[in-house]
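Below is one structure, written out as structure tokens, with a few remarks after it.
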Amino acid sequence: MLFSELGLGPDVLRAIEDKGYTQPTPIQEQAIPWVLQGRDVLGCAQTGTGKTASFTLPMIDILASGRARARMPRSLILEPTRELAAQVAESFETYGKHHKLSMALLIGGETFSEQVKRLDRGVDVLIATPGRLIDLFERGNIMLNDIKVFVIDEADRMLDMGFIPDIERIVSKLPKIRQTLFFSATMPPEIRRLADAFLMNPKEISVAPPASPAETVTQAMALVHEVDKRKALRHLLRTEDVRNAFIFCNRKRDIDVLRRSLERHGFNAGALHGDMVQSKRTETLEAFKRGDITLLVCSDVAARGIDVQGLSHVFNFDVPINAEDYVHRIGRTGRAGRQGRAFMLATPDDDKLVSAIARLIKREIPMIAIDGLESAEFGEEEARPSRGRGGRGRDRSERTKDRGERAGREASREERAPRAEAGQREDRPRDERQRDERPSQPRESVAAAEARRSEPRRDRDRDRRRRRDDDDDDVAVIGFGDHVPSFMLRAARPRPADAARDTKAEALDGAQEG
DNA sequence: AAAAAAT
């Protein structure tokens with residue numbers, strides 16, 4: 001089957017040809033003729049199947065043959081993330097280059113004024129993430145009365161992200177008579193219900209997931225101790241022939257730490273996650289696509305759908321919490337028939353997550369050893385320097401139990417005479433002991449006291465992590481020994497209330513407060 | 001054990 005047989009107009013075909021494509025993918029082959037006929041489509045397809053072009057190509061054709069009324073937008077595409085929205089906009093630009101269609105990319109994190117200006121000039125296509133679209137609509141900047149083609153992309157992910165109420169609101173502003181294209185990688189009952197509500201007599205299309213990563217991506221996993229992860233990663237980066245790679249972390253706060261660590265060791269790394277300002281996100285992704293940056297340390301914002309041509313490697317610095325995310329992450333490489341390689345660093349604690357992944361992909365991930373690193377074993381206790389005492393030599397259930405009991409002890413102590421149980425204090429880390437030297441506050445409820453107590457502890461841990469990163473990677477800092485720096489006994493950013501209390505406490509020097 | 005999205 002060729003693109004030229006699908007009923008697309010000559011200008012779109014020319015753009016496709018310019019791009020060097022002749023054969024449509026299965027989803028394009030199945031969807032395009034129906035979309036051109038004006039039918040609603042319910043498409044079950046993952047990213048990487050050529051789904052985006054399956055709606056942009058016919059939409060360009062439809063829009064080209066129609067006319068805008070009072071310059072109102074005639075089509076709307078909703079995407080779950082800003083990067084995906086930007087990618088769809090690129091697709092419109094690529095395939096619509098022989099047309100005079102105008103579009104607006106309406107995503108958060110960018111200034112309103114540019115988007116509003118564009119809307120005022122009149123656009124044919126809106127490509128948006130839900131939040132910004134609603135915002136602009138409520139400010140009266142968008143008319144949705146003339147939307148003829150509406151696309152919901154990645155519906156299951158929208159569901160995961162809690163966007164469904166937003167989508168329902170948006171749909172309620174659209175004309176009842178319209179064409180709706182609805183795409184989802186999976187069809188759980190809630191998604192099916194949603195589709196029933198939004199679509200009219202849809203043509204259902206389902207394509208096999210893209211060649212499962214198992215076939216085009218060579219996978220491997222190293223089992224290492226938490227403290228050795230960065231070293232293990234560096235070893236892989238040096239021994240593998242890495243052209244460019246995504247390095248996935250589970251937590252945003254770990255991303256920049258890892259990026260800096262890589263940079264210190266001479267790697268060319270950027271970062272991408274949802275807490276960065278949008279301009280930086282865009283800039284970084286562009287630099288990565290150009291090859292100015294070769295390593296991109298990222299969160300799952302980049303796990304799905306982001307298409308970087310010819311990505312050679314994916315590294316899972318952390319084992320993903322959801323098994324499906326593993327498939328999405330490694331699916332960034334080995335695309336379009338190319339070979340890709342995916343490595344994962346697991347720690348002894350990741351036992352269950354790794355088996356869940358193996359179950360999902362129906363195969364074991366081959367285990368490799370890293371030269372010069374002691375390899376770890378599943379089920380082995382993992383040293384947790386950042387937790388202070390109680391990490392080594394005891395298993396997790398014991399530790400958890402201990403923490404629970406300790407919390408209980410402290411709570412009851414708070415209720416009774418706070419200083420009475422000196423004997424038990426030796427069980428606790430020194431910094432906590434010292435905290436107790438402060439005057440107690442009898443009127444504070446137990447819950448409030450616990451909340452107050454746990455807050456500085458979080459800040460302490462954060463500081464400790466920062467310190468570790470400044471140290472040489474190979475040196476694990478375990479606890480503080482006998483010295484507790486005074487700043488550790490305060491919150492890192494004292495709120496005015498805390499500060500006041502602390503000063504007061506010092507002044508009273510142990511006296512009881514009323 | 002997390003991340004994604006409006007400000």
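No experiment lies behind these values; they were computed from the predicted model shown. Lettering follows sequence order; numbering is per chain, from 1. Worth knowing before you read on, the calculation uses all heavy atoms, side chains too, and leaves out hydrogens, waters and symmetry mates.
- Taking atom CG of Leu136(A) as the reference point, atom C1' of dA6(B) lies 10 Å away to the nearest angstrom.
- Rounded to an integer number of Å, the gap from Asn141(A) CG to dT7(B) P is 14 Å.
- Taking every side-chain heavy atom of Arg132(A) into account, dT7(B) is the closest of dA3(B), dA4(B), dT7(B).
- When the side-chain nitrogen and oxygen atoms of Thr129(A) are compared with OP1 and OP2 of dA6(B), one or more of them lie within a distance under 4.0 Å.
- In the set dT7(B), dA4(B), dA2(B), the nucleotide with an atom closest to the side chain of Asp325(A) is dA2(B).
- Gln87(A) is linked by a side chain to side chain contact (heavy atoms under 4.5 Å, CB included) to Leu84(A), Lys289(A), Ile306(A), Asp307(A), counting only residues two or more places apart in sequence or in another chain.
- At whole-Å resolution of the value, CG in Asp350(A) and P in dA2(B) are 13 Å apart.
- Between Asp275(A) atom CG and dA6(B) atom P there is a gap of 13 Å when expressed in whole angstrom units.
- For residues 149-162 of chain A, proximity to DNA chain B is found at Asp160(A), Met161(A), defined as any non-hydrogen atom under 4.0 angstrom from a strand atom.
- Contacts of Arg281(A) with the nucleic acid, taken as non-hydrogen atoms under 4.0 Å apart, involve only primed sugar atoms and P, OP1 or OP2.
- Using a 4.0 Å heavy-atom criterion, one finds that Ile134(A) contacts no nucleic acid atom at all.
- Rounded to an integer number of Å, the gap from Phe248(A) CZ to dA4(B) C1' is 13 Å.
- In this structure, CZ of Phe163(A) is placed 11 Å from P of dA4(B), rounded to the nearest angstrom.
- Considering only side-chain N and O atoms, Ser299(A) lies under 4.0 angstrom from the phosphate OP1 or OP2 of dA4(B).
- Note on Asp135(A): a base of the nucleic acid sits closer than 4.0 angstrom, heavy atoms only.
- Computed from coordinates, the His328(A) NE2 to dA3(B) P distance equals 17 Å when rounded to whole Å.
- If you check every strand for non-hydrogen atoms under 4.0 Å, Asn322(A) touches a base.
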Residues Asp318(A), Lys229(A); criterion salt bridge (charged side-chain N to carboxylate O under 4.0 Å, His left out); working and verdict: CA-CA 9 Å; Asp318(A) 295 314; Lys229(A) 272 182 157 186; 2.7 Å; yes
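- Residues Arg230(A) and Leu258(A) form a side-chain contact, since some pair of their non-hydrogen atoms from C-beta on lies under 4.5 Å apart.
- For the OP1/OP2 pair of dA4(B) and a distance below 4.0 Å, the side-chain nitrogens and oxygens of Lys252(A) include at least one atom meeting the criterion.
- In this structure, the side chains of Phe150(A) and Ile152(A) come closer than 4.5 Å at one or more pairs of heavy atoms.
- Shown here are the side chain to side chain contact (heavy atoms under 4.5 Å, CB included) partners of Ser54(A), two or more places apart in sequence or in another chain: Ile27(A), Gln28(A), Ala31(A), Lys51(A), Phe183(A).
- Comparing dA1(B), dA2(B), dA4(B) against the side chain of Leu353(A) picks out dA1(B) as the nearest.
- In this entry the distance linking CD of Glu138(A) with P of dA5(B) reads 19 Å, nearest Å.
- Counting only N and O atoms by type, the side chains of Arg132(A) and Gln115(A) include a donor and acceptor under 3.5 Å apart.
- Checked by atom type, the side-chain pair Thr56(A)/Ser91(A) shows a donor-acceptor distance below 3.5 Å.
- In this pair, Phe248(A) and Phe246(A) present their aromatic rings perpendicular. The plane angle is above 60°, beyond the 30 to 60° band.
- OP1 or OP2 of dA6(B) lies within a sub-4.0 Å distance of a side-chain N or O belonging to Arg82(A).
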